[in-house]
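Notes for the one structure printed next.
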Amino acid sequence: MKLLFVCTGNTCRSPMAQVIAQEILRDPRFEGYVVDSAGVMAVDGCSASQGAVQALGQIGMDASAHQSKMLTAQLASDYDIILTMTTSHKEAVCCMFPEFQNKVHLLSTYADKLGDIPDPFGQSPRVYAECRDCIFECIQSVLEKLTANKVKE
């Protein structure tokens, strides 16, 4: 199963999601998963924001090697599920690549939670930590749900 996390610039939320998912996926129960991230308005090659790097560092995770990338048709086609941070990201992806709209989902909704994950860019460390924790909770729910569905198949 291949999951792609998408936000705006691929420097805050989606890289945090990617790093968090990669850490959770170290658990042998999740064998066979692949994750990546991209942005609907990303500039290729930017580092993760300092706030994202620090927020992940607080829980022992490292995003320092992250390099942003723009969401492309090729990238979207390579993934089974595309999980966006906001409704507007979902709409943008579906508008950019209507052929993939059936695999584009709002992360929080897919995790059986409500609401967009707000952009922490330029805000306080507390806001980044809250964003990180929200993403972490959503990803745990998504992976548990997908793994439970895999077992049923």
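When every heavy atom of Val35 is checked against every heavy atom of Gln22, the shortest pair comes out as CG2-CG, 3.4 Å. Looking at every heavy atom in both residues, Lys103 comes nearest to Ala76 through NZ-O, 2.8 Å. The two residues Pro15 and Ala48 come nearest to each other via the heavy atoms CB-CB, 4.5 Å. Scanning both residues, Cys94 and Gln101, for their nearest heavy atoms gives SG-CB, 3.5 Å. Of all non-hydrogen atoms in Leu106 and Lys90, the two that sit nearest each other are N-CD, 4.1 Å. Contact between Pro118 and Cys131 at its shortest, heavy atoms only, is O-SG, 3.9 Å.
Residue Leu75 holds its CG atom at 6.0 Å from CG of Asp36, rounded to the nearest 0.5 Å. Annotation: the span from Arg126 atom CZ to Glu130 atom CD amounts to 4.5 Å, rounded to 0.5 Å. Interatomic distance, Ile82 CD1 to Ser37 OG, rounded to the nearest 0.5 Å: 12.5 Å. Here His89 contributes atom NE2 and Met96 contributes atom CE; the two are 11.0 Å apart, rounded to the nearest 0.5 Å. Atoms CD1 and CG, on Ile81 and Asn102 in that order, are 10.5 Å from each other to the nearest 0.5 Å. Here the straight-line distance linking atom CZ of Arg132 with atom CD1 of Ile20 works out to 7.5 Å at 0.5 Å rounding.
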List the steps, then state whether side chain to side chain contact (heavy atoms under 4.5 Å, CB included) holds for Thr8 with Arg13. CA-CA 8 Å; Thr8 306; Arg13 291 167 287 180; 3.6 Å; yes

Chi angles and distances behind the side chain to side chain contact (heavy atoms under 4.5 Å, CB included) call for Tyr33, Thr147: CA-CA 10 Å; Tyr33 284 87; Thr147 301; 3.3 Å; yes

Between Gln67 and Ser47, does a side chain to side chain contact (heavy atoms under 4.5 Å, CB included) hold up when you go through it step by step? CA-CA 5 Å; Gln67 295 290 297; Ser47 300; 4.1 Å; yes

Passes side chain to side chain contact (heavy atoms under 4.5 Å, CB included), Val142 versus His105? Steps please. CA-CA 11 Å; Val142 165; His105 306 275; over 6 Å; no

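One hydrophobic cluster, built from ILVMFWY side chains closer than 4.5 Å, cannot hold both Leu4 and Leu146; they sit in different ones. Under the 4.5 Å side-chain heavy-atom criterion for ILVMFWY residues, no single connected hydrophobic cluster contains both Leu107 and Val104. In terms of hydrophobic clustering, with Ile, Leu, Val, Met, Phe, Trp and Tyr side chains grouped at heavy-atom distances under 4.5 Å, Ile117 and Ile59 are assigned to a common cluster. Cluster membership check: Leu56 shares its hydrophobic cluster with Phe121, using side-chain heavy-atom separations under 4.5 Å among Ile, Leu, Val, Met, Phe, Trp and Tyr. When hydrophobic clusters are built by joining Ile, Leu, Val, Met, Phe, Trp and Tyr residues whose side-chain heavy atoms come closer than 4.5 Å, directly or via intermediates, Leu83 is not grouped with Val6.
Using modelled atom types, no side-chain atom of Thr86 and backbone atom of Asp116 make a donor-acceptor pair closer than 3.5 Å. A donor-acceptor pair is defined here as one N or O able to donate and one able to accept, closer than 3.5 Å; such a pair exists between the side chain of Ser108 and the backbone of Gly115. Although no hydrogens or angles enter the test, the distance criterion places a donor-acceptor pair under 3.5 Å between the side chain of Ser77 and the main chain of Gln74. In this structure a side-chain-to-backbone donor-acceptor pair under 3.5 Å is present from Asp44 to Met70. Put simply, the side chain of Asp80 gets close to the backbone of Lys2: a donor and an acceptor are under 3.5 Å apart. With His66 contributing its side chain and Asn10 its backbone, the two residues share a donor-acceptor pair below 3.5 Å.
The environment of CE in Met41 is sparse: at most 12 heavy-atom neighbours from other residues, nucleotides or ligands sit within 6.0 Å. Heavy atoms of other residues, nucleotides or ligands lying less than 6.0 angstrom from CD of Glu99 number more than 12.
The aromatic rings of Phe100 and Phe97 are tilted relative to each other, their planes meeting at an angle between 30° and 60°.
Lys145 forms a cation-pi arrangement with Tyr110, by the criterion of a distance under 6.0 Å to the ring centre and an angle within 45° of the ring axis.
Within the 4.5 Å cutoff, no side-chain heavy atoms of Met16 are placed close to those of Phe136. Between Leu3 and Leu143, some side-chain heavy-atom pair lies under the 4.5 Å cut-off.
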